[in-house]
Amino acid sequence: MRLRDKTVLLTGASGGIGAALAQELAAAGARLLLQGRDRTRLNRLLAGLPEPGQHSIVVADLLRTEQRPALLQAVQKAGGLDVLINNAGTSHFAWLEDQAQEQISEQLALNLTAPILLTRELLPWLRRPGLVMNIGSAFGGIGYPGYSVYCAGKFGLRGFSEALGRELADSRIKVLYFAPRATRTTLNSSRVYDLNQALGNHTDSPELVAAQAMMALQKEQRQRWLGWPEWLLVRVNALFPGLLDRGLAKQTAVIARYAEHHCDKEAKS
Ligand SMILES: NC(=O)c1ccc[n+]([C@@H]2O[C@H](COP(=O)([O-])OP(=O)(O)OC[C@H]3O[C@@H](n4cnc5c(N)ncnc54)[C@H](OP(=O)(O)O)[C@@H]3O)[C@@H](O)[C@H]2O)c1
């Protein structure tokens, strides 16, 4: 899709990947509705975009039912939508037994339920042709120790994207799943960066991820996995999960050392 003069709603616009993507979209001439929870951060982002007057901000917590209508109202005010990008997300790197019920519920609510509900609410306002891009993760294709809840959300989001895309096959609305690998943003704690360094896993910049997301939008790529080893591993995992079981089993002790709480317990014992 050509993005010039298209209306795009971007959730999580104030975050690392969101802010970089907002810059790319604005540079391509799109009109942006930028969602986040922090008005100050959103206004700072807006002021740094080319032609800030073309765009607007929507302050809303996606986990607060009473705040979600603000998004629908912004879309109605804009007269409709061409692209919805479900990007807001959260992650908690910890062994399942060490996660509080609220942490589990919040991750699933923000990473899975919120994009499903928002998409349902905004579908009637999505023009044809239209795009929904769901920001997934490499962990939506590979179950990874320390990320069981995050993986549940991102695998779920991938299933949602695939099924909805097929449901809407005759409607000229396409549903895309875009899966970054580790990216340098505040989503990840220092433990995650230390783990990735210890394992030699690559970390991308949000600017690189945003540029790739733009290409995926422009080419309307149904699924896009960033990073060569991750792309391959997702496929190998789908066909021969036992191979990844064996590979990851060799790393699990190292991963456990970095996971939140697990290492605290070890230190105490
Ligand atoms: N960073 C990575 O390593 C990585 C890798 C693969 C996939 N991803 C995915 O990429 C997407 C963006 O991640 P990121 O790294 O840019 O994260 P980030 O820098 O932490 O930004 C998260 C964004 O989500 C918003 N948000 C958080 N909780 C919210 C809530 N309850 N209601 C509304 N908005 C909320 C934040 O808004 P506030 O400013 O209000 O907090 C912020 O704009 C996520 O879906 C993530 O799962 C990230």
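Below, each value reflects all heavy atoms present in this structure, side chains not excepted, and no hydrogens, waters or symmetry copies. Indexing begins at 1, ligand by ligand and atom by atom, following the structure's order.
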Please indicate whether any nitrogen or oxygen in [X] is less than 3.5 Å from any nitrogen or oxygen in ligand 1.
X: I17; answer: yes
X: N111; answer: no
X: G16; answer: yes
X: G36; answer: no
X: G15; answer: yes
X: N188; answer: yes

Atoms in ligand 1 flagged as close to [X], the criterion being non-hydrogen separation under 4.0 Å:
X: G89; answer: 22 (C), 24 (O), 44 (C), 45 (O)
X: D38; answer: 40 (O)
X: I135; answer: 9 (C), 10 (O), 11 (C), 45 (O)
X: Y150; answer: 6 (C), 7 (C), 8 (N), 9 (C), 46 (C), 47 (O)
X: T186; answer: 19 (O), 20 (O)
X: A182; answer: 3 (O)
X: S14; answer: 37 (O), 38 (P), 39 (O), 42 (C), 43 (O)
X: R41; answer: 38 (P), 39 (O), 41 (O)

Could you name the option among [options] that has the heavy atom nearest to [atom]?
atom: atom 2 (C) of ligand 1; options: V209, T183, L110; result: T183
atom: atom 12 (C) of ligand 1; options: N87, L42, V59, N134; result: N87
atom: atom 27 (C) of ligand 1; options: R39, R68, R184, R37; result: R37

- Message: Give me the atom names and distance for the closest heavy-atom approach of Y193 to T185.
- Response: OH-O, 2.6 Å

- What pair of heavy atoms forms the shortest contact from A213 to L21, and how long is it? CB-CD1, 4.0 Å

Yes or no: does [X] have any heavy atom under 4.0 Å from an atom of ligand 1?
X: L63; answer: yes
X: E106; answer: no
X: G136; answer: yes
X: R181; answer: yes
X: K154; answer: yes
X: A60; answer: yes
X: S91; answer: no

Tell me whether [X] contacts the main-chain N or O of [Y] through its side chain, where contact means a donor paired with an acceptor under 3.5 Å.
X: T183; Y: R181; answer: yes
X: Q218; Y: L3; answer: no
X: N111; Y: T90; answer: yes
X: N87; Y: T11; answer: yes
X: R158; Y: K154; answer: no
X: Q35; Y: L10; answer: no

- Query: Can you say whether the rings of F139 and Y150 are parallel (under 30°), tilted (30 to 60°) or perpendicular (over 60°)?
  - Reply: perpendicular

Would you mind checking which non-hydrogen protein atom is closest to [atom], with the distance to 0.1 Å?
atom: atom 6 (C) of ligand 1; answer: P180 O, 3.4 Å
atom: atom 31 (N) of ligand 1; answer: D61 OD1, 2.8 Å
atom: atom 4 (C) of ligand 1; answer: L187 CD2, 3.8 Å
atom: atom 33 (C) of ligand 1; answer: Q35 NE2, 3.0 Å
atom: atom 32 (N) of ligand 1; answer: L62 N, 2.8 Å
atom: atom 23 (C) of ligand 1; answer: G12 CA, 3.7 Å
atom: atom 15 (O) of ligand 1; answer: T185 OG1, 2.5 Å

- Do L217 and V209 sit in the same hydrophobic cluster, where Ile, Leu, Val, Met, Phe, Trp and Tyr count as joined when their side-chain heavy atoms come under 4.5 Å apart? yes

- Are V149 and L62 grouped together when hydrophobic residues (ILVMFWY) are joined by side-chain heavy atoms under 4.5 angstrom apart?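 The answer is no; the residues belong to distinct hydrophobic clusters.
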
When rounded to the nearest 0.5 angstrom, what is the spacing between [atom1] in [X] and [atom2] in [Y]?
X: I104; Y: E106; atom1: CD1; atom2: CD; value: 11.5 Å
X: F155; Y: S148; atom1: CZ; atom2: OG; value: 11.5 Å
X: L45; Y: L34; atom1: CG; atom2: CG; value: 5.5 Å

- List the steps, then state whether side-chain hydrogen bond (donor to acceptor under 3.5 Å, both in side chains) holds for Q107 with H92. CA-CA 8 Å; Q107 283 181 87; H92 193 71; 5.6 Å; no

- Option among R41, R39, R37 that satisfies the side-chain contact (heavy atoms from CB on, under 4.5 Å) test with S14: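 Checked R41, R39, R37 against S14; only one passes side-chain contact (heavy atoms from CB on, under 4.5 Å): R41.
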
- Would you call E162-R166 a salt bridge at under 4.0 Å N-O?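 A salt bridge links E162 with R166.
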
- Hey, mind stepping through N188 and F93 against side-chain contact (heavy atoms from CB on, under 4.5 Å) and telling me if it holds? CA-CA 8 Å; N188 299 312; F93 171 47; over 6 Å; no

